[in-house]
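As structure tokens, the structure follows; a few thoughts come after it.
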Amino acid sequence: MKNEKTKGARNTPLRIISLGGLQEIGKNMTVFEYGDDIVVIDAGLGFPDDEMLGVDLVIPDISYLVKNAHKIRGILITHGHEDHIGAVPYVLQQINVPIYGTRLSLGIIEGKLDENRPAFEPELYTVEAGDVISLGVFKAEFIHVNHSIADACAISLKTPVGTVFHTGDFKLDVSPIDGKIMDLTRIGEIGKSGVELLLCESTNAERAGFTASERTVGSSLERIFAQYEDRRLIITTFSSNVHRVQQIINASHNHGRKVAVLGRSMVNVIGAAAELDYMDLPDGVLIDINDIKRYRPEDITLITTGSQGEPMSALYRIAFSEHDKVKISPKDVVVLSSSAIPGNEKLVGKIINALVKNGVKVVNDSTEDVHVSGHACREEIKLMMALLKPKYLMPIHGEYRHLYANKDIGEFMGIPAENIFVSEIGKVLELDRKGARFNGSEPAGKVLVDGSGVGDIGSVVLRDRKHLSEDGLVVVVATIDMENRMIVSGPDIVSRGFVYVKESEELMREARTVAENTLMRAITKGYGDRTHLKGLIKDDLAKFIFKETKRKPMILPVIMDI
């Protein structure tokens, strides 16, 4: 009996399911399941595209995890960027699972949980690079890598079917700001011990060469501070890029400037990083935003959020003269120390145009080296594969073009094409002693967050919002007496976003006549079902409006029966 159980366990496959991070940028979340044990790596969010009108955030569909909550041994966090931790508060609203991450990652998560706390006290466990933790049948080792945030780690997962290595987001920086180079030695040792499967990030897989060191930004900042010493500097970057913010503060201090911080996420991250000693803030360099009027503009550096053109961000409000504390001036210099995430180019361009229109000098990575990526280019990905020598490869973190570029790198490094699996969200990759293969899928997709509503915005609501935004709304209001078969009042027609009523009185009069005739004809024939009445009015009015205007507004009949 014991031998049969052992044999069954040996034949159990490891199942790898991505709930996000494939065919998209962001929303990274990967599930590893073996028998009765599940571990999850990362729980990130994404940002809405142009079709998601009014939506604030996008998070993974975790219905599979909710269904199997009893199996989950923990969520492992690779680093503290939004696309890797942003969904944690929403996940904890549905399932109570322990979270493991490095100090800065958990510090940022704790700040998020203060704003969106679950009904229970979350279990947050701090780990350091080099730590190994046991989670059911899994053993997870955190390995230090370089990225655009401190405390980033790759994760080596020992499983009953071999070692699986998840790179997280990484780059090779031989001169990092904190002096801690990626742990190539340990990665090489893991490679010598044997790696069955490598899950490798793909964001920069199309780019040749190596990613530049973060220190190159420091040199550029020094030049900018020297060149514009007679102007106020407004610098925007990712709030979580602690090393970049540190370099901005250092340059400001070296040039005798005070620093004010704008944007809630920037304030929160700097506060967490300083409290945990990931940042060194010279005495007196930081001032409150309310105190900037006490200093000459050329003695001030403003560090703001809004590097992606977010409409509610500090930089957006400054650019469009909507900020209550900061007024833009032609003597200002705005430095965009970031690059646009794919899909955000128009938003960023809109801000740049608004700034330039106001006479502001804009400096970005097209004119100065004010930004370097935190992601590995082709040569760094090759180095990772050369050290790990994986039998199988699954590209992660990227759109199709990124994933297939990573696949090409894998083939160049000698991994057989049949051993490389470009997956999709929800698709199950099985790995056992016999090999790897795709086998079915699990529920996965996008959950939309709009205000306090999570998941209550679906395709029907988005379709209606799109319809409203494109063609407007026509409301028909009428009161009827079905017993006496007569119209008591109305029909009145109200238009929003369709036509300017004062200039279209004749059209609205004719539309009212069409609705009245349809309603009278229906109640004369004894159609007492209000749903049926609404349908008739909607159909006839839609035909009339399209014939007259070639437009298709949303038509909303409101029928009251006394």
Side-chain angles (χ1 to χ4, degrees), residues 10-19 21-24 28 30-34 41 138 141 143 145 154-172 182 184 186-210 375-442 444:
R10 192 163 53 239
N11 291 334
T12 301
L14 172 69
R15 304 173 82 234
I16 299 104
I17 312 160
S18 286
L19 298 182
L22 300 182
Q23 296 92 52
E24 62 187 353
N28 300 296
T30 311
V31 177
F32 299 86
E33 179 179 11
Y34 187 89
I41 294 183
F138 300 101
E141 179 179 354
I143 298 139
V145 296
I155 294 174
S156 176
L157 203 61
K158 282 192 175 180
T159 80
V161 299
T163 298
V164 176
F165 195 97
H166 187 295
T167 66
D169 288 349
F170 77 99
K171 65 185 277 189
L172 175 61
M182 183 165 67
L184 297 172
R186 182 58 189 144
I187 294 171
E189 290 171 351
I190 292 169
K192 285 183 179 178
S193 299
V195 172
E196 284 293 302
L197 173 65
L198 169 62
L199 283 79
C200 184
E201 81 133 317
S202 310
T203 309
N204 275 353
E206 294 177 304
R207 296 188 186 180
F210 290 85
H375 300 274
C377 289
R378 294 178 69 89
E379 297 305 313
E380 291 149 290
I381 294 174
K382 289 178 185 177
L383 176 63
M384 182 67 77
M385 292 179 183
L387 289 171
L388 291 171
K389 301 180 180 64
K391 184 176 181 180
Y392 300 102
L393 170 66
M394 178 177 161
I396 56 173
H397 300 178
E399 299 171 354
Y400 270 119
R401 58 195 176 99
H402 306 120
L403 302 178
Y404 276 94
N406 203 341
K407 178 179 185 292
D408 291 340
I409 296 172
E411 290 183 34
F412 179 84
M413 294 301 294
I415 303 174
E418 62 270 19
N419 285 7
I420 302 175
F421 297 89
V422 178
S423 190
E424 299 174 3
I425 291 176
K427 203 168 183 179
V428 179
L429 177 65
E430 287 190 348
L431 179 67
D432 56 25
R433 299 298 183 187
K434 296 177 182 178
R437 72 206 67 83
F438 285 125
N439 186 12
S441 61
E442 297 294 350

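These values consider heavy atoms only, across backbone and side chains, with no hydrogens, waters or symmetry-generated copies.
Rounding to the nearest 0.5 Å places CG of Leu393 at 5.5 Å from CG of Asn406. Within the model, atoms CZ of Phe32 and CG of Leu429 stand 10.0 Å from one another, a figure rounded to the nearest 0.5 Å.
Legend: residues meeting salt bridge (Lys or Arg N to Asp or Glu O under 4.0 Å) with Lys382, ordered by chain and number and at least two apart, are Glu379. Looking at residues two or more places apart in sequence or on another chain, you find a salt bridge (Lys or Arg N to Asp or Glu O under 4.0 Å) between Lys407 and Glu411. Annotation: salt bridge (Lys or Arg N to Asp or Glu O under 4.0 Å) contacts of Glu442 (sequence neighbours excluded): Arg15. Applying the ring pair (Phe, Tyr, Trp, His ring centres under 6.0 Å) rule to Phe421 yields the partners Phe438; only residues at least two apart in sequence or on another chain are considered. Looking at residues two or more places apart in sequence or on another chain, you find a side chain to side chain contact (heavy atoms under 4.5 Å, CB included) between Asn419 and Lys391, Tyr392, Ile415, Pro416. Legend: residues meeting side chain to side chain contact (heavy atoms under 4.5 Å, CB included) with Glu141, ordered by chain and number and at least two apart, are Val132, Ile143, Ser156, Arg186, Ile190. Looking at residues two or more places apart in sequence or on another chain, you find a side chain to side chain donor-acceptor pair (under 3.5 Å) between Asn439 and Glu430. Qualifying side chain to side chain contact (heavy atoms under 4.5 Å, CB included) partners for Lys434, counting only residues two or more places apart in sequence or in other chains: Asp432, Arg437. Residues satisfying the side chain to side chain contact (heavy atoms under 4.5 Å, CB included) test with Ser18, not counting sequence neighbours, are Leu22, Thr30, Met394. For Glu424, there are no salt bridge (Lys or Arg N to Asp or Glu O under 4.0 Å) partners two or more places apart in sequence or in a different chain.
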Using the side-chain contact (heavy atoms from CB on, under 4.5 Å) rule, take Phe165 and Ile155 through it: C-alpha gap first, then chi angles, then the decisive distance, then the call. CA-CA 6 Å; Phe165 195 97; Ile155 294 174; over 6 Å; no
Would you please test Phe170 and Cys200 for side-chain contact (heavy atoms from CB on, under 4.5 Å) and show each step? CA-CA 9 Å; Phe170 77 99; Cys200 184; 4.2 Å; yes
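You'll find the ring centres of His397 and His166 inside the 6.0 Å limit.
The backbone N or O of Gly162 sits less than 3.5 Å from a side-chain atom of Thr159, completing a donor-acceptor pair. Of the possible polar contacts, one joining the Lys389 side chain to the Ala386 backbone as a donor-acceptor pair under 3.5 Å is found. Judged purely by atom type and a 3.5 angstrom limit, Asp169 has no side-chain atom pairing as donor or acceptor with the backbone of His375.
Judged as a ring pair (Phe, Tyr, Trp, His ring centres under 6.0 Å), not a single pair has a partner in residues 188-210 (not counting sequence neighbours). Each salt bridge (charged side-chain N to carboxylate O under 4.0 Å, His left out) pair with one or both residues in residues 196-210, not counting sequence neighbours, appears once here: Glu206-Arg401.
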